[in-house]
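All chains are named by letter (A, B, ...) in the order of the sequence lines, taking the proteins before the strands, and each is independently numbered beginning at 1. This is a predicted model, so every value here is computed, not measured.
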Amino acid sequence: MKNRPPGEDVDNIVQLSQAEMASADWSDLLGRLAVKPDKSIYARLFNHFAPRVKAYIVRLGVAISAAEEVTQEVMLSVWRKAHMYHPDKAAASTWIFTLARNQSIDWMRKQKYPQYSLDEWSETACESGQGEQEVLSDRVAQAISQLPEKQAQVIYMSYFEGRSHGDIASRLDIPLGSVKSRIRLATEKLKQIWGGDEYEH
Amino acid sequence: MNINHHLDDATLISYSAGALSQGMALVVASHLSICPQCRERAEHTDAVGGALLESLEPETVADDMLASVLAQLDELPTKQESVPVTPIVMDPEIPAPLREYIHCPLDQLEWKRIVPGVAYYDMPWEGHGVSRLLRIAPGKAMLAHTHNGNELTMVLRGSFSDEVGRFCRGDVADLDDQIEHQPLVDSKADCICLIATDAPLRFTTLFGKLVQPITGF
Ligand SMILES: [Zn+2]
């Protein structure tokens, strides 16, 4: 691939990705990209995630006029940072979500969203085996869909609209404390997925 | 490090959702950088974002975007060439996310005095709330106050106690408008905290109300 001019194999890659997309395990694919740069694998990830990244960043508040550009930047960073991805630490969707979130905020605020280094992931003990994150990810999705409406609402307003507790409180015309307790209740339900009695406060 | 006070679930969700102000997010990221326990929880709240991303109805992207991205891949720096890690000698007192904004030891900052024994150093952005380092001398108390919104405090040096408990290096006090408190510094050295609020504080004493316009809280 190296000797060819950039972009020459695009057509083949696009066709391949359309055909195989449905059955692909995205975390496994991204894990392979982490080990070795591979444009055909990248293209398959792109076709699946780019349209979702765009949907997300528009909801979060990136102007429609800039959405294509920011989506492109996010997807380029997937390639650039792929070597930092650990399939046993996070599902591909989770990892790409954090890239999309950080870059949207950087774009909207012209300020870098403070984050703990992704490198530090490798320091945390990896208890779960490979593939388990993917299972967890499905169960998270299921658990979210089963949340009571009032709890789901505050979760959606947080993740999809980027609203602060105070902002949600005034939108829904409820006290700040109620927003926080709804989020906490939702988190309690989601924690059961992770076997979460390990947390102490 | 022995950490006894951690981030609230609601705060972690907001952080993962990208819904925190710069100042609040900085306190959260700083705590996460030193607390494996909360870091694991943050991985879970990030996974909520991942699941929600998967659940979205895909938007149409331009037909030529993939082609244009693929054409750019060869020009991107690869792993080996990517940004070199600058070997700056780091003050271990300053959590990694804060090093983006603080480039010298805490003692060398240009502290601004509010009242004797209390000084602050502002983070370089503006917002509805406060985002600053606060330095309080032993035996001094922060002014009694309540909150219209949330207040996050992370101890970087020394310790303080309030109605909730004792807070030492690495601990976060994650408070909301349910609490009226007056933190008292109980360490031998100055207590230095990174604090952020998402709304102005409400001081509950007359003196507090008088200094509020001056201190910018
Ligand atoms: Zn913690």
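Proximity to chain B at a heavy-atom threshold of 4.5 Å picks out F49(A), A50(A), P51(A), R52(A), V53(A), K54(A), A55(A), Y56(A) from residues 49-57 of chain A, in numerical order.
For chain B, the nearby part of L60(A) is the side chain; its heavy atoms alone come within less than 4.5 Å. Proximity to chain A (any heavy atom under 4.5 Å) is shown, for Y15(B), by both the backbone and the side chain. With a 4.5 Å cut-off on non-hydrogen atoms, E100(B) touches chain A through its side chain but not through its backbone. At a 4.5 Å heavy-atom cutoff, the contact between S21(B) and chain A is made by backbone atoms alone. In this structure, chain A has a heavy atom under 4.5 Å from the side chain of S55(B), while its backbone stays farther away.
Judged purely by distance below 3.5 Å, without hydrogens or angles, the side chains of H165(A) and D198(B) never pair a donor atom with an acceptor atom.
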Stepwise side chain to side chain donor-acceptor pair (under 3.5 Å) check, D186(B) with S161(B): CA-CA 7 Å; D186(B) 57 5; S161(B) 294; 2.6 Å; yes
Determine, step by step, whether D107(B) and R135(B) satisfy the salt bridge (Lys or Arg N to Asp or Glu O under 4.0 Å) criterion, reporting the C-alpha distance in whole Å, the side-chain angles of both residues, the deciding distance to 0.1 Å, and the verdict. CA-CA 10 Å; D107(B) 287 321; R135(B) 176 174 195 149; 3.0 Å; yes
Verdict with reasoning, D46(B) to R101(A), per salt bridge (Lys or Arg N to Asp or Glu O under 4.0 Å): CA-CA 10 Å; D46(B) 281 349; R101(A) 174 198 69 200; 3.2 Å; yes
For M65(B) and F46(A): C-alpha separation, side-chain torsions, deciding distance, then whether side chain to side chain contact (heavy atoms under 4.5 Å, CB included) applies. CA-CA 10 Å; M65(B) 195 198 285; F46(A) 182 98; 3.5 Å; yes
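A salt bridge links D8(B) with R184(A): the distance from a Lys NZ or Arg NE/NH1/NH2 to an Asp or Glu carboxylate oxygen falls below 4.0 Å. A salt bridge links D74(B) to K39(A): one of the charged nitrogens lies within less than 4.0 Å of a carboxylate oxygen.
Ranked by heavy-atom pairs under 4.5 Å with chain B, the list S158(A), A186(A), S181(A) is led by S158(A). Residue with the most contacts toward chain A among P95(B), A42(B), S30(B), A10(B): A10(B) (heavy-atom pairs, distance under 4.5 Å). Highest contact tally toward chain A, considering only S68(B), G49(B), A29(B), A62(B), is held by G49(B) [criterion: heavy-atom pairs under 4.5 Å]. Highest contact tally toward chain A, considering only A19(B), A51(B), C38(B), is held by A19(B) [criterion: heavy-atom pairs under 4.5 Å]. In terms of heavy-atom pairs under 4.5 angstrom with chain B, the leader among F160(A), Y159(A), F97(A) is Y159(A). Of the listed residues (Q142(A), R182(A), K112(A), E161(A)), the greatest number of heavy-atom pairs within a distance under 4.5 Å of chain B belongs to K112(A).
Qualifying side chain to side chain donor-acceptor pair (under 3.5 Å) partners for K189(A), counting only residues two or more places apart in sequence or in other chains: Q151(A).
Atoms CG and NE2, from D171(B) and H6(B) in turn, are 7.5 Å apart once rounded to the nearest 0.5 Å. The distance from the CD atom of Q72(A) to the CD atom of Q103(A) is 11.5 Å, given to the nearest 0.5 Å.
A cation-pi arrangement is absent between K81(A) and W79(A), since the terminal nitrogen or guanidinium carbon is not both under 6.0 Å from the aromatic centre and inside a 45° cone about the axis.
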